[in-house]
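Worksheet: the structure to be examined is printed underneath.
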Amino acid sequence: MPELPEVETVRLGLTEWVVGRKIKSVDVLHPRAVRRHAAGGADFAAALAGRTVTAVRRRGKYLWFALDSGDAILGHLGMSGQMLVVDRSRPPGPHLRVRFAFTDRGPELRFVDQRTFGGLLLSPGGADLPAEIAHIALDPFDPKFDPAAVVAALARRRGGIKRALLDQTLISGIGNIYADEALWRSRLHGERDAAALSRRAALGLLTNVSDVMAEALRHGGTSFDALYVNVNGESGYFDRSLAVYGREGEPCLRCGAAIRREPFMNRSSYSCPRCQRRPRRMQGHLLNVSRGKRVPS
DNA sequence: CGCAGGCCCTGGTAGC
DNA sequence: TGCTACCAGGGCCTGC
């Protein structure tokens, strides 16, 4: 699942392979891939022919191609989106959604997306920062990222700390994997009240978020399954370094306790039951639900 | 306004 | 073997 380190890995590859090239033609093969482009696929394709890519930029999990017109192609990979730079002779796979051909003889760019949660749109005047994502907060890799401001926002925040980490308008780029990894490093359960964290604990958590994502980037990202690959179709290998995500029942790398998996927002949270104690109030609630009317000890 | 929850989508897999 | 049910989950939308 592409989170910030994976999207940044893709951005670096696109910068190498696409910047400076002129788009010859665009084929939209699935309307859902451009559903956020209100004028439709034909308009999307026609507007891009003849444009030159001047840069590839990113904020959080969004990336965009800056064009010589001052516009931008804004994209989100969703869960399964891939940006592949491949030779034109290579036969298309079953999930090819959008194809970009260039005026040179080089490889083409393919947006491939099995689950179609991802998509592309043309952002008028969006070369520097597309208006469509102006509401997304800075990510921890942004030079202007201000940890103290995020700590202050967390102090005003209602609800659990994990949900706050996943709120892209508070801090961007974090998804389920790195949220769980950073919480483990900080020895915090994700349902701890965000506002109840000390300033020191909140700052430490943000440091762990930055650290784990920087480490993942150095490994080329996390490929938990075959759905995330870089522009050359290669997997990252940070999955070997994950401490909790996907490790249900395996020993905690710190204390040896069996890693637990809990339902969270129609997905899963992974944590260590010993290092990351569940807040007391929720403890009683969950025990009542899952084990009958048993009094929490 | 801020937060919680539902929905979108498909392929792989577990279970019967 | 063949079917069904479930799982992965980020962002957007709605409703309270």
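Throughout, a chain's letter reflects where its sequence line sits, starting with A, and its residues are numbered from 1.
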Below the 4.0 Å mark, does [N] have OP1 or OP2 next to a side-chain nitrogen or oxygen of [X]?
{"X": "A:His76", "N": "C:dG11", "answer": "yes"}
{"X": "A:Arg36", "N": "C:dC12", "answer": "yes"}
{"X": "A:Tyr62", "N": "C:dC12", "answer": "yes"}

Sorted by first residue and then second, give each ring pair (Phe, Tyr, Trp, His ring centres under 6.0 Å) pair with at least one member in residues 40-88 of chain A; sequence neighbours left out.
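Sorted result for residues 40-88 of chain A: A:His37-A:Phe44, A:Tyr62-A:His76.
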
Qualifying ring pair (Phe, Tyr, Trp, His ring centres under 6.0 Å) pairs with a residue from residues 98-134 of chain A, counting only residues at least two apart or across chains
none

Give the B/S/- string for nucleotides 2-15 of chain B, one per nucleotide from 5' to 3', where a protein heavy atom under 4.0 Å of the base yields B, of only the sugar-phosphate yields S, and otherwise -.
-SBB--BBBS----

Considering residues at least two apart in sequence or located in another chain, which fulfil the side chain to side chain donor-acceptor pair (under 3.5 Å) criterion with A:Ser210?
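A:Ser210 satisfies side chain to side chain donor-acceptor pair (under 3.5 Å) with no residue once adjacent residues are dropped.
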
Please set out all donor-acceptor pairs under 3.5 angstrom arising from side-chain atoms of residues 199-208 of chain A, sequence neighbours excluded.
{"unit_1": "A:Thr207", "atom_1": "OG1", "unit_2": "A:Leu203", "atom_2": "O", "d": "3.0"}
{"unit_1": "A:Asn208", "atom_1": "ND2", "unit_2": "A:Ser186", "atom_2": "OG", "d": "2.7"}
{"unit_1": "A:Asn208", "atom_1": "ND2", "unit_2": "A:Gly204", "atom_2": "O", "d": "3.4"}

When the distance from [atom1] of [X] to [atom2] of [N] is rounded to whole Å, what number comes out?
{"X": "A:Tyr270", "N": "C:dC7", "atom1": "OH", "atom2": "P", "answer": "11 Å"}
{"X": "A:His135", "N": "B:dC1", "atom1": "NE2", "atom2": "P", "answer": "15 Å"}
{"X": "A:Ile171", "N": "C:dG11", "atom1": "CD1", "atom2": "P", "answer": "13 Å"}
{"X": "A:Arg35", "N": "C:dG10", "atom1": "CZ", "atom2": "P", "answer": "15 Å"}
{"X": "A:Asp180", "N": "C:dA8", "atom1": "CG", "atom2": "P", "answer": "11 Å"}
{"X": "A:Glu262", "N": "C:dA8", "atom1": "CD", "atom2": "P", "answer": "13 Å"}
{"X": "A:Leu77", "N": "C:dG11", "atom1": "CG", "atom2": "C1'", "answer": "13 Å"}
{"X": "A:Asp139", "N": "C:dG10", "atom1": "CG", "atom2": "P", "answer": "16 Å"}

Test side-chain contact (heavy atoms from CB on, under 4.5 Å) applied to A:Arg35 - qualifying residues, sequence neighbours left out:
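Result, side-chain contact (heavy atoms from CB on, under 4.5 Å) vs A:Arg35: A:Arg32.
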
Can you tell me how far the CZ atom of A:Arg163 sits from the CD atom of A:Glu191, to the nearest 0.5 Å?
11.5 Å

Just jot down the salt bridge (charged side-chain N to carboxylate O under 4.0 Å, His left out) partners of A:Arg58, sequence neighbours excluded, or say none.
A:Glu8, A:Asp139

Contacts of type salt bridge (charged side-chain N to carboxylate O under 4.0 Å, His left out), residue A:Asp104, not counting sequence neighbours
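Result, salt bridge (charged side-chain N to carboxylate O under 4.0 Å, His left out) vs A:Asp104: A:Arg21.
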
Any donor-acceptor pair under 3.5 Å linking the side chain of A:Lys144 with the backbone of A:Leu138?
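Checking the backbone N and O of A:Leu138 against the side chain of A:Lys144, no donor-acceptor pair under 3.5 Å is found.
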
Closest to the A:Asn176 side chain: C:dA8, C:dG10, C:dG11?
C:dG10

What nucleic acid atoms does A:Arg261 come within less than 4.0 Å of, heavy atoms only: base, sugar-phosphate, or nothing?
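Sugar-phosphate only.
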
In short, the helix from B:dG2-C:dC16 to B:dC16-C:dG2 is bent end to end, axes from five pairs each side, to 10°, by 50°

